[in-house]
Each structure stands twice: as C-alpha cells, then as structure tokens.
**Q** 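There's a structure below that I have some questions on.
The chains referred to below are lettered A, B, ... by the order of the sequence lines, with proteins before strands, and numbering in each begins at 1. What you are looking at is a predicted structure, and each value in this text was computed from that prediction instead of being measured.
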Amino acid sequence: MLLRDCPVISKRKPESMALFAVFQTTFLLTLLSLRTHQSEVLAENLLLTPEAFKVSVNSAQRCLHLQWTVHNLPYNQEFKMIFQIQISRTETSNVIWMGNYSTTVKWNETVHWSWESELPLECAAHFVRIRSVVDDARFPEWNFWSSWSSWQEVNVQDSTGQDTLFVFPKDKLVEEGSNVTICYISGNIQNDISCYLEGEQIHGEQLDPHVSTFKLENVPFIRKGGTNIYCEEKQRKAISNGTVLFVSKVLEEPKDFSCETRDFKTLICTWDPGANTALDWSKQPSQSYTLFESYSGKKKHCEEKNRCNWQITQDSQEIYNFTLITENYLRKRSVNLLFNLTHRVHPMSPFSVQFENISATSAVMTWKLHSLGDYFTLLCQVELHGEGKMIQQHNVSVKANGKYLLNELEPNTEYVAQVHCADDNHFWKWSEWSGRDFTTPEAAPSEAPDVWRTMKSGSHNVTLFWKPLSKFHANGKILFYNVAVENLDKPSRLEHRSIPAPANSTELTLDGCSYQIRVTASNSAGASPAAVIVVPAAPGNKEVEEEIIEGTEDGFSMSWKPQSGDVMGYVVEWCDRPQDPLCDFQWKKLGPNTTSTVISSDAFRPGVRYNFRIYELSTKRIAHLLERKTGYTRELAPSDNPHVVTNNLTSHSFTLSWKNYSTKSQPAFIRGYHVYLKSKEEQCQPGAEKAVLPDDTVCCQYKIDNPEQKTFTVENLKPESFYEFLVTPHTSFSEGPSGTFTKVRTPDEYPYMLVHVIVPVVICVVLLVCGCLLKSQWMKDKCYPDIPDPYKSSVLSLIKSKENPHRTIMSISDCIPDAIEVVNKQEGSKIQSLGTRKSLTEPELTKLSYLYLLPTEKNYSGPGPCICFENYTYNQAASDCASCGHAPVSPEAPPSQWGLLTSSENLLKALEKNYMNSLGEIPAGETTLNYVSQLASPMSGDKDSLSTNALVPPPCSEYKMQMAVPLCLASPPPTENSDLSSITLLGPSEHYR
Amino acid sequence: MPTQTTGRTLLSLVLGLLFASMAAMGSCPGDFHVLLGQLQKQAHAMQDPSSLLDPYMRIQGLDFPQLREHCTERPGTFPSEGALRGLGRRSFLRTLDATLGLVLRRLAAVQQQLPEAGRLGRPPAARLRAQDLEMLKMARLNIHGLRNNIFCMSRLLGSSWDAAEPTQAAPGTSPPPTPDPGAFQRKLEGCRFLRGYHRVLSSAGQVFGKWGKSPSQGHRHRPPRALPEDASRARPSRRGRRLVPRGQLPR
C-alpha cells in the first residue's frame with residue numbers, strides 16, 4: 001500500500017495550531033481539575049465512534065480519501081486518538097489492509113486520511129470501516145476501542161452485466177522502474193481472454209470470475225507513445241480493449257551547472273539537462289527548468305532546456321546563490337551554485353589581430369580586447385604555429401590592446417599566430433582563440449647543396465647529382481642551380497651553367513683534364529655557399545673486389561678500411577632501384593673519421609640485390625673507389641628455375657644447359673644448382689645421391705656448387721630409357737621452386753647408327769640422283785643413248801637388199817659365225833632397278849639370260865636358231881621361248897609370238913612389231929622380253945654405210961646392243977668365261993646389261 | 001525495403017511540394033489528361049501504407065501482429081469505392097476533397113500530441129521516431145498537394161466550388177472536445193482511420209483510372225452544362241448526392 005502519493009488533507013488549520021500552543025498548559029490544568037469528577041460520566045456516555053464517515057475516490061491516483069468527525073468529544077478539548085481503518089476488497093470479509101492513524105482531534109473536527117491502492121480502484125469494489133480509541137494519558141478511562149463504523153463501499157466501475165471488457169488503469173503515468181498492477185474486467189464475456197504487453201502475452205491472477213490482475217514490475221521506458229497493453233478474446237480473435245502505460249524516464253538532476261559573465265551585463269547559466277521526459281498524447285511535457293537566486297529572491301523560468309540568461313542588475317551584487325530546479329509531473333530536482341561574479345569572467349575573444357614589421361626572422365603581433373573595466377587585467381596567451389604544430393607560446397598581461405614580438409622565425413615560412421585571454425586575477429576560462437596567418441620573406445640558402453657525381457668508365461662524361469636543400473636551409477623556393485666548371489690543368493674561362501629547379505642532375509662532357517666543379521643553389525634572395533667537387537684527369541679507379549654483406553630490414557651495415565691519411569670524408573653510393581633503368585641514384589657523405597655506416601632506405605625491398613661503392617674523398621676533393629659491397633636486405637627463395645636446354649642426347653648421356661640464367665638478378669645469392677634426375681633405376685650414379693622430393697618421390701640429386709657452372713652432363717644412362725630431370729638453383733638457405741620435371745628418352749644404339757651412317761648415305765644418293773637429273777642429257781648420252789631406228793638398221797638394209805638384186809646383200813644364211821654367246825649374268829637386283837615389272841619375290845627373275853643367236857655345233861640342242869636383242873628401253877617379248885627351250889615363258893606373252901620367233905623372218909617381224917609397239921604404249925605385263933644388241937656403228941648411223949664385216953668391230957668403235965630376252969627364261973648361269981666372251985664380242989665399253 | 005520507402009517518400013514529397021507550390025502560384029495545368037495523370041500518380045503514391053500508416057503505427061507502438069491484424073478500416077468512416085464510383089465527377093472531387101480535409105485535421109491533431117524526439121530514448125529508437133515523424137509531415141504536404149490538384153481539376157471541369165479552394169499547409173484546427181476513450185483506443189482508432197484513408201485513396205485512384213479510359217473526357221475546359229454529370233444532376237438522384245465521411249474521427 002502506498003500512502004505517500006495520496007495527498008493527505010490536514011485536519012486542522014494553522015491559526016488553531018498557534019492558539020493551541022498558547023493555551024495548552026492552562027487548558028490541561030483545567031482539565032485535570034475537572035477530570036476526577038467528570039470521568040465516570042464520560043466513561044459511560046462518550047461514544048467516540050467516528051461519524052459522518054465518507055469515502056471519496058481519486059481513481060487516477062488510485063486513492064481513497066476518508067473523512068469523518070468525532071462528535072462526542074468535549075467542547076474545546078483536544079484528544080490524542082488512534083483511528084483504526086480496515087479496507088476490504090471485493091467483499092467486506094476480504095480485508096486487504098488494516099492500519100492505525102494517530103492524531104489529535106478536537107470536538108466536531110473533520111479528520112481526513114487517504115489511502116492509495118496498488119490495484120486500480122476500478123478493478124474491484126472496496127469497503128472501508130473505521131473505529132477509534134482515545135490514546136491520551138489524561139483520560140485512561142477512555143482508552144477503549146469504539147465500535148466499528150458501518151462499511152462504506154467504494155465501487156468506481158460498475159461493469160457487471162456489460163459485454164465490454166475494460167482494462168485499468170487507463171493511461172497511467174508512471175516512472176521508469178516502477179511496479180504497476182493492471183487489471184481487466186470482463187463483465188459478461190465468457191471467452192478466454194489473453195492480455196499482451198508489447199506483443200508478449202502476460203499472465204496474471206484472477207481476482208474474481210470477471211477480474212484478473214497483472215503485476216508489472218520494474219516497467220521499462222519503451223517509447224514516448226507509451227507501452228501498449230491490450231487484451232483479446234481468444235475465440236473471437238478480436239481486440240477487446242487495452243490501455244497505455246505511459247512510462248516516463250526518470251528525471252535527471254542537471255549536470256555541469258555553471259554560470260559566467262562575458263560583459264558584466266548578463267550571467268549565462270548552462271547545464272546538461274539529461275534525458276527529455278516528454279511523452280506523447282500530452283501525458284507529460286518536457287521537464288521545466290527554473291532559476292532561483294536566493295539573495296535577490298528572484299526567479300526566472302528558463303525557456304531553453306540547457307541554458308538560461310540572468311540579467312545582472314547594477315546594484316553591485318557580487319555573490320550569487322543560484323538554484324536550478326527542474327521538474328516534471330512525477331519528480332522535482334534541483335542543484336545549487338554559489339559564486340562570486342568577478343570570479344566567473346569569461347572574456348570575449350580578442351579582435352583585430354594584425355602583424356607589423358614582418359621580416360625573415362621576426363614579426364610584431366597586435367590585437368584588441370573588449371573592455372571589462374579599468375580595473376581588469378587580462379592574461380593573454382600567444383601561440384605561434386607552423387606546419388601544423390605549435391612552435392612558440394608566450395603569456396602577455398594586457399589591459400586593453402595587446403602587442404608581442406615574435407622572434408626566431410624562419411625565412412619563407414607560413415605561420416599562424418593566435419591569441420586568447422582570461423581574467424588575470426581570478427582565472428576562470430580562456431576566451432576563444434583569435435588569430436591569423438602570415439608568411440616570412442625569403443633569405444639566401446644557408447647551406448651548400450649536397451653534390452655527388454658518377455663517371456662512366458672509359459669516357460669523360462660526368463653526371464652531377466645534387467640533393468634538394470631542406471626547407472630549413474633553402475630559406476625560400478630554390479629557383480635554379482648554378483654549375484661552374486673550372487679547368488685545373490690549364491688556364492681557361494670558367495664555364496657556367498644554370499639549371500632550373502627542381503632538376504637534380506646535369507651531365508658534363510669533359511676532356512682529359514682535371515676539373516673543379518662548383519655547384520650553388522639560388523632563390524629569390526641569393527645563392528647558397530658552393531659545393532665543390534674535383535674530377536681528376538685520370539679517374540684511376542682500380543678494380544676492387546666485391547664483398548658480400550648481409551643486410552637487414554633496417555638497412556645495410558658496412559665498414560671500410562681507410563687507405564690514405566689525407567681524407568676529407570667518405571661517400572657511399574648505391575641505387576635505390578637497381579633493377580630500374582633510372583636506378584634512383586643515391587649517396588651518403590660521411591666524415592673523415594667515420595669508417596662505418598648503416599645505409600637504410602625506404603625503397604629497399606627484400607629479394608633485391610643492392611650494390612654499394614665506397615669512395616674516399618681526398619683533401620683535394622678527389623674521389624677514389626675504396627671498396628664495393630653487395631647484399632640483400634633479406635634473401636628470398638629463388639622464384640624461378642633456370643630454363644634448361646637438353647643437348648648432346650645419346651643413348652648413354654645428355655647434357656643440360658642453362659646459360660641464360662642470370663645469377664645476379666636473382667632474389668638471393670645463388671650458391672649453386674641441384675640437378676634432380678628421376679629414373680627407373682634404383683641406384684644413383686656415382687656423383688649423385690638420393691633425395692626425397694616434397695611429393696615423397698625419390699630421385700637422384702647432383703649438386704653443383706659453382707653458380708657459374710651452367711651446364712651439366714648426365715652420364716651412364718641406359719639406352720631407350722626415360723629420364724626426368726629438374727635443375728633448380730640453391731641459395732644458402734633454400735632452393736628454387738619444385739617445378740616440373742622434363743622428360744628425356746635416351747635413344748637406342750641402332751637408330752644412332754642410322755642417324756650417323758644411313759642418313760649421310762641417303763643424302764649422298766639423293767644428291768647423286770639430283771645431279772643426274774640435272775645432267776640427264778649427259779647421262780643419257782653416256783649411259784643410255786638413243787636407240788637407233790630399226791628401219792635404219794643394217795638388218796633392214798639386208799632385207800631390202802633382197803628386193804634390189806643389183807645390190808650385194810649379205811644373207812644371214814651366208815653368215816656363218818663361229819660362235820655367238822649370249823651372256824647370262826646374275827644381276828637380278830639391277831634388273832629390278834632398271835624397270836622390270838616382275839616382282840622381285842620371283843626367284844627365277846633374278847637372273848638375266850642371253851639367248852644364243854646361233855647354235856653352236858656342240859651345245860645347241862634347240863629346234864632352231866634363236867636371236868635375242870637386249871635393250872632395256874623396250875619391253876616387248878621378241879623371242880621364241882620354245883626355241884630357247886630351257887627357260888619358262890611369261891604367261892602374258894601370246895603363244896602366237898613364240899612361233900613367229902622361230903625363224904629369222906619371224907624374228908624380223910617380231911622386231912618390226914616390237915618397234916611399232918615401242919611407239920605406242922607398252923602394256924603392263926608384257927615386259928618379259930629384252931632386246932639384245934643391234935650392232936651399229938655410231939660413226940655411220942646409216943644403213944648404207946653399214947660395214948659388211950659387222951661382226952668384227954673396228955677398234956674404239958661404239959656399238960649399241962639390243963636384246964630381246966624373255967625374263968621368264970631361266971638360262972643356265974653363265975660362267976665367268978662366257979661373260980667375258982660376251983664382253984669381247986661387244987666391246988669393253990658397250991657391255992650393256 | 002527502407003530504400004524503397006525512402007524513394008517513394010521522396011517522390012511523394014516532390015509531388016506534394018510541386019503541386020502545393022503550383023496552387024500557391026495560382027497556376028493549374030490546363031490539360032485534362034496531364035492533370036488526371038498527376039492525380040492518378042498522387043493517389044497511387046499515397047495509397048501505400050508505408051507513406052503514412054506504417055510510420056504512424058511505429059510511433060504508436062502498434063506494429064505488432066495482433067494489433068496490425070485488427071487495424072482495419074471502420075466501416076462508414078470513408079465512402080466506399082462503389083459509392084465513389086457512383087458519384088458524378090464534381091461530386092466525387094468534392095467528396096475526396098472533404099475526406100482529405102478531414103485527414104489533414106486528424107493528422108494535425110495527432111502531430112500536436114507527438115513531441116519531437118529530442119534526446120529521449122535510445123539513439124536508434126530516437127532516430128527511427130524522428131524519421132517517422134518526418135514522414136508524417138511529408139504525408140500532410142502530399143495531401144495538400146493532392147487537394148490542390150483536386151481544386152484544379154474541379155476548375156477544369158467548370159465547377160464553382162467554394163469548398164475546394166487550394167489549401168495551405170497550415171497546422172490543423174483543434175477538434176472539438178469529445179469524451180476521452182483512452183490513449184489505446186485513440187491509437188487504434190487512428191490506425192483504423194489511416195487504413196481507411198489509404199483505402200479511399202486507392203479507390204480514388206481506381207476512379208481516376210476510369211476517367212482516363214473514358215474517351216469523352218479529354219476536352220479542355222468543358223462547360224459545366226456539357227458534362228454528362230450535369231444532365232444527371234438535373235434530375236434528383238441519389239447518385240448525385242454528395243458523400244462525406246461519416247465516421248466520427250478519434251481525436
């Protein structure tokens with residue numbers, strides 16, 4: 001039960017209280033004197049039961065207001081009484097609260113008392129009754145309870161019998177974190193009812209068949225529009241009713257409450273208001289803020305939520321005691337602030353900031369202030385900023401106008417100077433900054449540029465490099481660089497060259513003399529001191545061996561040994577990007593006593609090889625190469641394997657070559673190579689050792705420790721075998737990637753011979769044939785001259801001579817040769833090559849037979865003479881196989897031809913026919929005959945000039961022999977002698993096969 | 001989805017401002033079809049619940065399935081589509097204008113009950129509330145724009161119509177006091193009212209669509225007597241009677 005929120009109405013007026021105080025003692029004494037004889041009467045008759053008992057309701061605040069009087073008190077007497085109150089819910093027997101209320105009561109005075117219900121009063125009927133007792137020591141006889149008053153029923157909502165569902169409380173305003181009880185009254189609705197809070201079902205307890213209550217604890221703030229609670233009938237699926245619980249954020253105490261003045265006319269009070277507690281539907285506006293000043297007693301309602309202006313009156317009030325009060329419908333809070341006005345001065349920002357007498361190194365800053373009165377001294381703080389950071393800070397005491405000399409400025413520099421001020425006597429707050437920027441003028445560069453040179457070996461071309469001067473030394477914008485070249489060997493005019501900035505190099509072509517070069521940088525204010533460098537006539541750079549150094553991520557640490565005593569300093573030069581054509585040339589100059597340094601650069605990258613040259617600068621400013629270093633900041637594993645070419649592949653070896661592989665462009669120092677060889681052989685060759693590859697395969701590894709050895713011969717291999725190889729470089733800590741193996745197959749030995757023997761032979765033959773073709777006419781004349789016309793032959797002249805009796809014709813019958821042998825020679829392969837169309841698989845054709853022209857007395861056993869001619873350009877059968885008898889005949893030859901060839905006439909006819917056939921197409925398969933020898937003198941060529949002694953050839957005469965020999969004839973192999981005799985007959989040069 | 005909503009909102013804002021400024025300048029499109037096209041587009045854009053109902057429900061905490069399900073139009077609050085179809089053109093415009101006027105007043109009353117977000121609540125909730133409040137403001141501007149076009153259309157149809165003068169985007173007048181049914185019921189009534197608003201705009205869009213399909217409506221500045229409606233109005237007919245929203249709006 002909550003009692004504090006219900007307003008309890010006072011039971012007595014203030015004036016009666018004062019009167020009571022004055023006469024209390026007198027009255028009590030009088031009472032005491034009367035008490036003895038009156039007590040008995042009162043004890044019986046004075047009934048102190050409360051009368052005129054009324055109960056009213058404030059349903060919004062869930063309060064029951066009770067009022068009653070006690071009539072039977074003696075007139076003008078006050079009694080200390082206790083009233084006992086009982087409150088029942090739903091029915092009188094259900095007492096939910098009972099308590100005592102002690103107070104002093106006068107006769108006929110109305111007593112008020114309130115009670116707040118946690119349950120909305122609409123949810124159920126309430127019943128109240130009261131009784132009393134005098135709790136006064138003066139009247140112990142009255143110390144007994146009166147009888148109870150009758151029950152007073154409080155019934156706010158009469159919903160019984162209605163078909164409407166009600167949800168209470170309606171639009172209740174509570175503070176975040178409160179506990180709230182709600183209820184619904186279902187009236188005559190019989191269906192099940194479910195209630196939801198922001199979509200989530202809530203469960204309560206049933207107060208009676210028509211009323212259920214729900215206790216919500218620590219309710220949160222959800223939205224300004226309130227938390228929706230609604231109930232629906234499950235069966236109808238209809239929203240029956242609902243209510244909105246307006247939950248307000250807890251009103252916060254204002255934070256950072258502060259007041260200050262900037263002009264002694266207005267006090268500006270500010271604070272952090274915290275959360276706005278306003279709610280929708282005008283349930284609660286934003287919290288209000290009120291300023292109250294206790295000394296003046298003035299109050300001001302603040303229009304804004306976080307600040308309020310208070311007008312300062314001219315009555316010299318220095319001390320202020322402010323109370324800031326904030327309140328909403330649920331809560332009220334306040335904060336206090338006591339201060340002296342002069343301690344809360346926040347000056348306005350300075351104005352009219354100016355700069356006077358700006359030089360390259362100083363400037364005078366002036367500013368003005370808003371007046372705060374003659375007695376105020378302000379402390380001003382001057383700050384000088386350059387390049388985004390504060391450089392100087394100075395404090396100045398100022399009455400009205402401020403002035404300060406800024407020193408130690410740098411030429412050609414942009415500065416920002418700003419000033420702010422505060423009360424010098426009682427510091428409260430700085431004013432806002434006021435400032436502006438200014439730029440100092442330029443001055444001549446203060447330092448000579450850093451100059452170095454490169455010289456191409458073998459020439460007099462010198463490239464001068466210089467570094468731009470730092471901003472500190474440049475003292476302005478460098479406009480150009482002056483280069484003056486002076487010949488030291490012979491007097492000559494100085495050569496001047498002006499190079500506009502921002503160039504940082506120039507190239508000079510000198511002759512073989514010594515030169516002194518002076519370089520200065522110039523801006524608009526003047527030139528810098530000169531940087532001097534001497535280029536000797538003969539550079540004299542000796543060959544210096546390169547030393548490998550180890551670099552780190554921080555750079556290369558290197559040291560060197562001084563060589564001469566008169567050293568002006570040392571220079572280390574290198575390229576930041578050695579792989580680029582422009583190289584990004586760099587150098588570092590070091591003092592004469594320095595013999596080591598660390599070269600670092602942001603451009604250094606792992607896996608890039610950097611080369612350093614260390615020069616010694618003599619006092620004559622001549623540089624001598626001292627040492628060379630090379631190294632990597634970090635060596636990386638080689639990313640590529642060499643491109644390997646296989647050479648000299650034999651059946652037992654091959655050579656690998658990777659001569660194009662550059663060791664100097666690798667991301668690490670190449671220490672050598674590993675050659676991996678895979679084969680079916682289990683054992684590795686001498687010089688190799690077994691190695692296990694990352695894929696767990698085993699192979700043989702050859703190690704090459706010389707990085708410049710870029711060939712390798714794998715030997716002792718087996719012919720006709722497959723091998724796979726991989727060449728990978730290795731560094732001090734890793735080797736190249738495990739790439740793809742290349743396959744090689746060793747050839748067998750026979751093809752090797754083929755390649756080395758047969759091929760040249762074939763080439764020679766081809767060349768020979770080509771030559772023959774080119775010289776075909778010559779060959780034809782030499783090897784197979786034209787066949788004489790048979791019609792022009794001497795034989796024909798013999799035939800014709802028969803028709804001419806006047807001529808002396810030698811009859812063949814008249815010729816009695818002693819012997820004619822036909823040479824039979826075994827040259828089957830040649831025959832084949834010369835165009836016979838018989839297959840070489842027929843063994844009988846591997847021999848060539850010469851037919852006997854005339855029978856000898858002893859050896860001849862055939863039926864008649866057989867004349868054979870041989871001419872390989874003819875293929876027509878021309879012999880009578882029967883006459884030859886001892887050889888098979890081609891089945892293609894017509895049988896009629898055989899008979900025709902049995903006599904000389906037939907022979908002639910056959911000759912004639914064959915000649916005619918030779919003019920036409922020679923049918924295939926009729927190549928069974930060869931012509932053998934028609935003798936003709938190349939000297940005459942005419943039948944008329946035919947020698948009568950034809951069988952006796954003149955010396956050195958050429959004869960053409962024709963012979964028709966059926967290839968099918970297998971003559972007995974002639975003897976060597978017969979062969980020779982044939983040669984004898986035909987002449988040595990005309991033996992024709 | 002938020003992008004679509006924002007785009008649609010932007011479009012409707014532009015449309016609303018365009019037509020509001022048009023009316024303020026005293027110029028109306030003289031072409032029937034142009035004006036009709038604009039009316040159709042406005043009705044189409046404003047019938048979308050995301051332009052007004054959804055932000056309203058979010059502000060009031062009604063965007064829960066049970067409540068959304070029961071946020072249905074209360075019959076009789078707004079004229080039905082059939083009733084709107086049955087009206088003559090000028091009567092239809094008057095009815096629509098009166099309906100929109102009612103909505104404007106209702107919206108003004110609602111907005112008066114909704115303080116700005118300020119620093120209250122968790123930042124995301126405060127941001128969402130600020131966006132929704134902004135959409136409510138834009139919805140009012142759009143309604144003003146639509147009413148201005150209705151005025152222009154009525155002039156184009158030759159109607160001397162005092163009630164449909166161009167509206168100015170001014171805060172609505174306070175509704176007369178009524179017994180307080182409680183904030184929950186007022187929220188719910190507002191939801192139902194806006195549901196009806198979107199429905200009636202959808203119906204209006206349908207009616208405007210019919211106008212566009214009718215070939216006889218393309219004339220410009222048709223004299224009042226030439227309109228078919230005038231013939232029908234010559235004889236007493238229930239169809240010619242002006243409909244106004246009957247529902248008592250929750251305030």
Side-chain angles (χ1 to χ4, degrees), chain A residues 60 164 166-173 176 182 194-201 220-234 236-252 272-287 305-306, chain B residues 54-72 74 106-133 136 174-175 177-192 195 250-251:
Chain A
T164 309
F166 294 94
V167 182
F168 295 106
K170 190 189 288 182
D171 303 346
K172 175 79 176 166
L173 173 65
E176 187 177 21
I182 64 167
S194 299
C195 292
Y196 301 87
L197 186 147
E198 291 292 316
E200 294 287 331
Q201 188 172 359
F221 168 83
I222 295 176
R223 71 176 70 79
K224 284 182 160 188
T227 303
N228 297 319
I229 301 158
Y230 49 92
C231 301
E232 69 172 9
E233 294 176 49
K234 278 191 174 175
R236 283 174 56 198
K237 281 283 179 185
I239 298 292
S240 297
N241 213 331
T243 187
V244 180
L245 195 63
F246 287 95
V247 181
S248 164
K249 297 285 281 186
V250 177
L251 180 64
E252 297 174 40
D272 178 3
N276 187 349
T277 60
L279 296 173
D280 289 352
W281 303 100
S282 304
K283 205 62 191 173
Q284 177 173 263
S286 296
Q287 63 267 34
K305 293 181 178 59
N306 60 348
Chain B
D54 290 350
Y56 173 83
M57 292 185 77
R58 283 194 294 270
I59 289 170
Q60 303 296 356
L62 302 176
D63 50 339
F64 294 104
Q66 302 98 329
L67 294 174
R68 187 172 283 278
E69 195 176 316
H70 293 99
C71 177
T72 53
R74 185 178 293 282
R106 172 67 178 144
L107 275 181
V110 166
Q111 280 183 300
Q112 282 184 338
Q113 303 293 330
L114 307 175
E116 294 295 330
R119 287 181 55 198
L120 193 63
R122 291 155 292 186
R127 275 200 299 274
L128 184 62
R129 177 183 172 89
Q131 289 173 6
D132 288 338
L133 287 174
L136 256 61
S174 298
T178 53
D180 184 8
F184 182 76
Q185 286 298 338
R186 279 186 288 167
K187 287 181 176 183
L188 216 53
E189 282 303 314
C191 186
R192 289 168 174 161
R195 182 74 75 187
R251 300 181 196 282

**Q** Which bit of A:Thr243 is near chain B, if near means a heavy-atom gap under 4.5 Å: side chain, backbone, both or neither?
**A**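 Just the backbone, heavy atoms under 4.5 Å.
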
**Q** Could you tell me whether A:Asp280 and B:Arg129 have a side-chain N and a carboxylate O separated by less than 4.0 Å?
**A**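 Looking at B:Arg129 together with A:Asp280, the answer is yes, because their closest N to O distance falls below 4.0 Å.
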
**Q** Closest approach of A:Ser282 and B:Gln113, non-hydrogen atoms and distance?
**A**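 Closest pair (atom of A:Ser282, atom of B:Gln113, distance): OG-OE1, 3.0 Å.
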
**Q** Below 4.5 Å, heavy atoms only, C-beta onward: do B:Gln185 and A:Asn241 meet side chain to side chain?
**A**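 In short, these two side chains touch, coming nearer than 4.5 Å.
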
**Q** For B:Arg58 and A:Arg223, which heavy atoms make the closest approach, and how far apart are they?
**A**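 Closest pair (atom of B:Arg58, atom of A:Arg223, distance): O-NE, 4.1 Å.
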
**Q** Please say which of A:Val167, A:Asn228, A:Leu245 ends up in a side chain to side chain contact (heavy atoms under 4.5 Å, CB included) with B:Phe184.
**A**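 Among A:Val167, A:Asn228, A:Leu245, the one meeting side chain to side chain contact (heavy atoms under 4.5 Å, CB included) with B:Phe184 is A:Asn228.
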
**Q** Could you check if a side-chain atom of A:Trp281 sits within less than 4.5 angstrom of a side-chain atom of B:Gln60, using non-hydrogen atoms only?
**A**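 Yes. Closest side-chain heavy atoms under 4.5 Å.
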
**Q** Should the heavy atoms of other residues, nucleotides or ligands under 6.0 Å from NZ of A:Lys283 be counted, would the total exceed 12?
**A**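 Enclosed: over 12 neighbouring heavy atoms sit under 6.0 Å from NZ of A:Lys283.
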
